[in-house]
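Working notes for the structure below.
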Amino acid sequence: MAELSAAPSAAVFAPRLGACPACDAVPLAQRLADRAEAQAPARLILSLPQAHCAICITDIEDALAAHPGVRGARVNLTLRRVTVDAPGLTAADLIPVLARIGYEAHELDPDALATTTADRAGRDLLMRIGVSGFAMMNVMVLSVAVWSGAEAATRDLFHWISGAIALPTVAFAGQPFFASAWASLKARRLGMDVPISLALILASAISVFETAHSGHHAYFDAAVMLCFFLLIGRYLDHRTRAIARSAAAELTALEVPRATRLQGGAEHVVPVAELRAGDLIRVRPGGRIPADGEVVDGASEIDRALLTGETLPVPAQPGMMLSAGEVNLTGPLVIRVTAAGQDSSLARLTALVEAAENARGRYTSLAERAARGYSPAVHALAFSSFLGWFWFSGDLRLAVNIAAAVLIITCPCALGLAVPAVATSASGRLFRRGLLIKDGTALERLAEVDTVVFDKTGTLTMGQPQLLAADLPEGLRPVARALAQASSHPLAQALAAGLAEVEPATLTEVTEIPGKGITACWNGRMVRLGRADWLDAPEGPEDALLSSWFGIEGGAPCRITFSDRLRPGAAECVAALGAAGKRVILLSGDRPAAVSHLAAELGIAEWQAGVSPTGKAERVGALSEAGAKVLMVGDGLNDTAALARAHASVSPASALDAARVASDMVLTGQDLAPVAEAIAIAQRATTRIRENFVISFGYNVLAVPIALAGFATPLLAALAMSISSVTVTLNALRLNR
Amino acid sequence: MDILTILIPVSLGLGAAGLLAFIWALRSRQFEDPKGDGERILSDRWDDRPRPD
């Protein structure tokens, strides 16, 4: 549990504080309008990214139940959420309760999640699997008797009982296939579901006819078995999709954005969607700027890392224009909104993202490509066997029987399981390694990647400065420590952390001067910590390092240097990608000195500094046009357009909402190493999918000639179907080893 | 073959009982949180008496 309780300390500089206003503004406004008057919901849903064991469950439930006003709390460990029944309380009351016992929690918007509909569809499919499974067992028992040689009246009785079980089952359990086949026929397409539905209907009809005429072969067992296996594939598919969808919904629902509006001298907290141009808003230190605007009052420093990739904070004074998404660091600011919601610079970036995403939506998955060739072939085969046998023998009953047998044998049982089974086991494995897949085709696209583009700040590095060297006389270290811990500026925090073992000195008259630094009185002398120009320090060498200066009255200022900490696993990830023969490129909006230093440290040969957000997207676009399949790894707003444009994309969990929404995959932990591993797993997964196709086609190639020759029996159909389905599933499960 | 008149209804009845049990489990939301239910067994919170609902 030690590593869990350490996590919240990252909140000082990490971009967890606010949200991407513009991306959320549009759906949020819609939702607010739908909800009419916002009432306090009795049910709150919090996401718990760190919950993972039995102790977590009891800890969380007990802590919440002990909080006054909470009527009940239930943790769902599969979805990593807790549902709290607490009328009158808000998420803001409960998040600190969980933070105290060491759990990170985020508010989720119950409306955005709309879990009920997805759940209902899943339960519906499970119910149909249960019913067809029951029917299959019973019909199989009766069929075994027929295959072992039941004769005359007994066989007819068994066939009738099988029919009585199978017909209602096919009518009920086959509905998902019938509905989707009807939809694709109306759109004048031949989907995978058309031959399935045809096989189900034809098998049932032919079996009723044969039973009524005391025939030898009835395919009731085949029809029910077909339903059962195909429904399993459908359910696995639904589950991976539902998890992906809920991950996406969770990301947009994270942190409902609000702003503090000044009206007649009073402060009101309003949703960002309600901000209008001309409104005055207050942004406290540590808060994210909710809308584009001009500074009216106050002085501070602004962190633009997420927008531009710059690691160095920029001073802000009245008159300066700020963009939504930047973080206010040291002093409170009053801002006059110039553009909010759809007009803001953020919304323009979002539009860019949408355009790029539409382009990527045209990717056709392996399953679609297989289905496209498969359906017409099956129909042609069954129809020509019918015509051939009818012409050859003149027996309509025989010809229809053979055509039905061909349809049943070629039915894509294994094909329907081939992709979902692999996708389920691969995404399960990636999830355990700390990578959440949001998009269904992401796995296949990831497997094709040959070029990896990294962002610097916040992706390869943590975006958190770390003390490198404090060029201070021994006696002044306690003073520097005391001065540093009084400020919330990231560099001061890093200095305080770096001097943690030094006992802080006692200071008086500590004042923070926003945009400049912090000053205090020590033993009657003034001490200062802050920017070089404020302390009249000599211009330092232009290098990769961030610096801050410490000065004491009557002494020369000393330089204190910081470096951005590497993300754990970054070096291993880059090395593994290089070893796998991928081309690695570093694109950053930061200063050339900082970027070249990092590129040299990680051994990245290709790098570019000072790249603008559109520049990144263009570079990725140019690489794609040159034939490269690009994987973009980034976290900032400046990366979103590039993330959406790339063939596949990954962003860390600490990334801004917009970036996570634009990516296919999200890293749930801090470690970057899973990225390199994910490519390898994805490649193995696509190999498995191809193998599965070969296996199921192989069974068809063996069984179809037998069916065409008219030797197919219900026993053979049942054997071919179950053996191919089981082999395909086992092959998919090999991924988990 | 008279035994069939007993055995077939019995086998169908047993199958139906299994199906009804499955439908009941589904209705009472026992498949909502498979991982959590597996972990909850390890907690000794409600070992002495059942959790009051």
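Scope of the values below: all heavy atoms of this structure, side chains included, with no hydrogens, waters or symmetry mates. Every chain is numbered from 1 and lettered A, B, ... according to where its sequence line falls, protein lines coming before strand lines.
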What's the spacing between B:L12 CG and A:M137 CE if we round to 0.5 Å?
11.0 Å

Do you know which of B:D33, B:I41, B:D37 has the most heavy-atom pairs with chain A at a distance under 4.5 angstrom?
B:D33

Part of A:I57 within contact of chain B (heavy atom distance under 4.5 Å):
side chain

Would you say that A:P176 contacts A:L231 through its side chain, given a criterion of any heavy-atom pair below 4.5 Å between the two side chains?
yes

Counting heavy-atom pairs closer than 4.5 Å to chain B, which one of A:I161, A:L77, A:N138, A:L142 comes out on top?
A:L77

Residue part contacting chain B, namely of A:M127, when any heavy atom lies under 4.5 Å:
both

Contact between A:W147 and A:D221 at the side-chain level, heavy atoms closer than 4.5 Å - yes or no?
yes

Greatest number of heavy atom pairs closer than 4.5 Å to chain B - which of A:L157, A:V75, A:V141:
A:V75

Can you confirm whether A:L167 sits close enough to A:F220 that some side-chain heavy atom of one is under 4.5 Å from a side-chain heavy atom of the other?
yes

Which region of B:I8, side chain (C-beta onward) or backbone (N, CA, C, O), has a non-hydrogen atom less than 4.5 Å from a non-hydrogen atom of chain A, or is it both or neither?
side chain

Report yes if some heavy atom in the side chain of A:T729 is under 4.5 Å from a heavy atom in the side chain of A:I232; otherwise report no.
no

